[in-house]
Every structure is written in C-alpha cells, then in structure tokens.
Amino acid sequence: MAATIRYGLPGTALDAYTAEYLAESCDHPVGVWMILPVNRLAEAVKQDMAARNIPFIPSRITTLSAFAETVVTAAYPGVRILSPVEQKLIFSRIAENTPGMCRLLSPKVDPADAPGKSVGFASVEYLVTLYNTLRFRNAVLPQGNDRLAALASVFTAYESFCDTEQTADAPAVLRLAAAAVRSGRFPLQSVYLYGIFSPKERETELLDAVRTAADRILEFVPYAANDKIFPPHDDIPPAGNSAGEFAESVFQRLSVSPDLPIKKIGVFPDRTAELSAIAEEICGLIENGVQPGDIAVLTPEVPLYAELAGELFPDFSVNGQPLEFTSSIGHPLFRSRSIAAVFSLLKTILGNCTVPDMTTLFSYPYFFWGERYIPPRDLTWISRCAGITGGRWQWLEYPKHLRARFVSDMDAPGIPAPEKAELAAKVQRIDTLLKKLEDVFSLLDRLGRKKRSASEFVAVLRRILAELGYPQGHLGRRLPPEDAAAVERFSLVLADIDAA
C-alpha cells in the first residue's frame, strides 16, 4: 500500500485534491474513491464538476457514512439498511412494551397501564441518540440500578430484532463495512481522504480498514498549531501557509483579535453542545440587560436547529422563566412522525415508488394496510432478487420474470428434493407478494394516475387516508398528544387548500 499524508488548515487544498482525483479516475473510474467529511461538501464538489462538464461517477465522491452503506449493500445483499425514521419507530414500539422503560421515560404513567403507552417522540429521540452514541463510540452501558437495567433490556431487544430481521442501523453499517473491507469482500484501488477530523471510534475502525486494504491512499488531515483543537502529530506539518491571517487567527488560537468582526469562537462536538452553549450566552445577555428581541441566532439549517432548540431551550431559564424563542419558519409539520407518514405516502406515489420509499412507507404504524400489508424485509428481498429499483411496472413485472426462472429451475432434471422445495417456497412467496403489490398499487393509483385540481387531490387523499385508518393505523391505542396536535394542524392545512 502506498500512502501519502498531507497537513494543512481546514478548507485548504481541496481543489488540488480534486484535480488529482480526477486525473486518476479518468483511467480507473470505478476503483477510485474520494471520501469527504460532510455531504454538503461532497455535493458541492459534484456540482462543480457537473458545471464544468467533467465526467465522474457520483457514488465515488461521497462521505464516510454513505461509503459504508455502499460497501454493505454490495458485500451483504441480504442486509437491509435502516433509515433513521425506521430506527426510531422500532425503538418506540419496543420501549412502549417494556414496563420499566415506559416508567423511566414517562414517570407520570400508572405502572399498571405502562405497557403499550406512548413514551413521547422526544423521549424516543433521546433513547436513540444514547444508543447510537454508545455504539459509535464502542462504549457499553454501565450497570448498577433499575433504570440502567431497563435501558439495557430495550437495547438488547432492539439488537435482537435487527439480527432476526437482518437489518443494520448507522453504527452497524460502519461495523459491517469495516469487516467487509478488511476481509477483501470489497476491494479498493485508490482512496482520497479529505478533511476528516476527529472521527468516532466506529468511523476510525472503517478508516483504518480502508487505509490497510486500499492499494493507494492520499489523505489530507486538517491541522493548525493549536493543541486545544488539533491533536499533536509525529509528522511535522508544513511551515508555510497561504490561507491568510484570518484563517490563522481562527485555527491557531481561540481568542480573536478585537479588530476582527468575530468576538468569540467556540468548538463543539455536536449540535446539542453548540445550542446549549448558545442558550447560556443568550441567558447571560438577557441578565445583563439586552432585550430578547435584539438577539438573533443565524444558522444555515433552520428546521433542524429550530427542532433541537425546542427541546433544549426550556431547560434554561432567565429570571425564573424558561428560555423561549420564535423561529423564522415556525414548527414544521413534517417533523412530526404522524405527518411524515403522509408525506412518505405522497413521496412514494409521486416519486416513482423507489425501494427506499416503499420500505419506509410500510414501516409507519399510522396506516392499517390489512391484507395488503407487506413487511419491509419482503420488499427488500423481492427488490434485490428481481433487480427492482423503482416504478410501478418494475414492481409488478420483474417478480414475474423471477418467478418464471424459479419454476424453470424446479423442472430441471435431477434437482435435489430439498432444493426443489426451497424453490417452491420462493414461488409461493412471490405469488403472495404480487397479489399484495397489485392491491397496493390499485389503491395508490387513485392519486397518481390523472391530473386533478388541488381540491380534487385533497378529496382523494382524504379518502385514501380514511381507508388506511389514518392516523390510528395499527397503533392499537390512543394517538400520542404530539401526534394528535400535528394531525389537527394538518387537517386545517388540507381544509385551507380545499377552500382555496
């Protein structure tokens, strides 16, 4: 393995690395990868190449997490990757049926009524965040009391479910990808690593596997002379730098010159820590006489930060009152799981029924499909076996070709009885899936087959939602308050559209 490591200020040398990547990928487009720290940067690089009419394979310019998903999809075709929404839904159902967990997350619930009660979306968010943090860090949950035991039981039940259903969440995807790269199941030619800073333990394992297995590694490591931010390296970083005095002041010391427009710079491990620090700053400003209306927080991702601020800011107080805020976009309805389910339905219908959209749609508990219900694992199985990527025609026709192939194999002379029985079971499984898919598309086609006015579209959507038992679905209990409030707001939106 040939490895080249370079150091420099964050954000520098990207053009040079991109040019070097393009020069090599021209001759070997499939085997050369460029792994960047965030999706936004990867998309910016691809958009720049497209604007300059430079040919490239989009999947080869990626982030570490997306690279891991590509590896797992290729090396483990029987494993289905969970979306964040699916992971939260699984945790929610498990927690609601674990009495100790329900009492821990909803202490006001009567213990006798605990099983099956909603534990609240925010509580599930915290639960999933804790689990993912532990797994990303290769850490274990400590032992010592009933609360920790309840958490451990939920984590164990969740992992047992994932093993049984052959699914993988984000931490598991990194683990599986590292194993596939180390074992040679996913060969690598050249890999360009740019700007990856302070990776988590699971990410480090995958990076180490890539560095060992790839024929050639070119890595750019962010670095500046500040050991509070950047860990020391045995290699000596380059002495010269053309990034400018401002970049030097940002990354070489935390206190910035008063002549610069920035008065304070902070470095945070995640958004939660960042917003918590912002909340403390705001409380201090208000206590020192600054009017709340004169304080603003600017962010490029308003919906994401507004949702997180709604959870964090009430924990901070000024003069005995919880810290409040208003968002420029309000509280987006699609952040509610019950409304996200409707958007998932619409996206599936209007977005060509891709495999991820179909599996996500059938993961929501707010719809009651009855005999039409298709487990996501069955959708994954048929899509991979039949080569389905999306589209109504593929879902209904490709399985027929697969079925014909299995039937032909069954009639082959000398086929062993066990193998013939296995093929017969697959044929039966395809027949069942085809019947369900026909019924599902018969329902969904009511929205997607012809053009309608907005009011006509809303009327058809309401009939479909009513037929699917939305929003109660197969929850088997009263709708959680936050979901009920979101559904009521959404009904008002539909009414406004209908009346327009």
Side-chain angles (χ1 to χ4, degrees), residues 10 37-41 63-65 82-92 95 101 104-107 119-142 147-148 151 154-155 158 169-171 173-174 196-204 222 228-229 254 264-286 292 295-318 321-332 334-337 340 482:
V38 293
N39 186 62
R40 187 177 299 167
L41 183 57
T63 61
L64 190 61
S65 59
L82 288 175
S83 69
V85 170
E86 290 176 300
Q87 187 187 28
K88 291 169 188 173
L89 287 170
I90 295 168
F91 261 104
S92 177
M101 196 74 255
L104 172 61
L105 298 178
S106 302
V119 296
F121 182 64
S123 298
V124 174
E125 287 270 10
Y126 293 138
L127 191 61
V128 173
T129 299
L130 174 61
Y131 175 83
N132 286 341
T133 300
L134 291 171
R135 294 300 177 264
F136 277 129
R137 297 294 184 186
N138 284 339
V140 296
L141 194 67
R147 292 186 174 187
L148 292 172
L151 284 170
V154 171
F155 291 171
Y158 168 76
D169 53 25
V173 165
L174 290 171
I196 298 176
F197 177 71
S198 188
K200 304 179 182 71
E201 280 73 4
R202 284 277 172 97
E203 294 172 331
T204 300
K228 294 180 180 178
I229 302 176
L254 289 177
K264 181 181 289 187
I265 291 176
V267 180
F268 306 98
D270 53 43
R271 293 187 182 94
T272 300
E274 179 186 8
L275 267 179
S276 297
I278 290 173
E280 290 179 358
E281 283 288 323
I282 293 173
C283 291
L285 290 171
I286 295 175
I295 302 173
V297 177
L298 305 181
T299 171
E301 299 174 294
V302 177
L304 182 62
Y305 276 82
E307 180 185 16
L308 189 56
E311 298 176 1
L312 291 177
F313 277 27
D315 294 335
F316 296 84
S317 62
V318 181
Q321 297 296 320
L323 184 61
E324 297 180 349
F325 75 100
T326 56
S327 167
S328 61
I329 62 168
H331 179 72
F334 66 84
R335 291 290 177 183
S336 167
R337 288 184 297 170
E482 61 270 25

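Atoms considered below: every heavy atom in the structure, side chains included; atoms not considered: hydrogens, waters and symmetry mates. Every value quoted in this text rests on a predicted model; they were computed, and no experiment measured them.
Side-chain atoms of Ile278 and Glu274, non-hydrogen and from C-beta on, do get closer than 4.5 Å to each other. Under the 4.5 Å side-chain criterion, counting only non-hydrogen atoms from C-beta, Val85 is not in contact with Arg337. A 4.5 Å side-chain heavy-atom check between Leu127 and Leu151 finds at least one atom pair inside the cut-off. Put simply, the side chain of Ile282 reaches to within 4.5 Å of the side chain of Phe313, judged on heavy atoms. Put simply, the side chain of Val154 does not reach to within 4.5 Å of the side chain of Tyr131, judged on heavy atoms.
The two residues Leu275 and Ala309 have their closest heavy-atom pair at CD1-N, 3.7 Å. Residues Ala170 and Phe136 share a closest heavy-atom pair of CB-CZ, 3.8 Å. Scanning all heavy atoms of the two residues, the minimum distance from Arg202 to Pro171 falls at NH1-O, 2.9 Å. Pro142 and Leu148 make their closest contact through O-CD1, 3.4 Å (heavy atoms, listed as atom of the first residue, atom of the second, distance). Shown here for Lys200 and Arg137, the closest heavy-atom pair between the two residues is CA-NH1, 3.6 Å.
Of the possible polar contacts, one joining the Ser276 side chain to the Thr272 backbone as a donor-acceptor pair under 3.5 Å is found.
Within the model, atoms CZ of Arg40 and OG1 of Thr63 stand 13.0 Å from one another, a figure rounded to the nearest 0.5 Å. Atom CD1 in Ile295 sits 9.0 Å away from atom SG in Cys283 (nearest 0.5 Å). Atoms OG and CD, from Ser198 and Glu203 in turn, are 9.0 Å apart once rounded to the nearest 0.5 Å.
Considering only residues two or more places apart in sequence or on other chains, Thr129 meets the side chain to side chain donor-acceptor pair (under 3.5 Å) condition with none of them. Residues satisfying the side chain to side chain donor-acceptor pair (under 3.5 Å) test with Asp169, not counting sequence neighbours, are Gln87, Tyr158.
Enclosure of atom CD in Glu201 by more than 12 non-hydrogen atoms of other residues, nucleotides or ligands within 6.0 angstrom is indicated.
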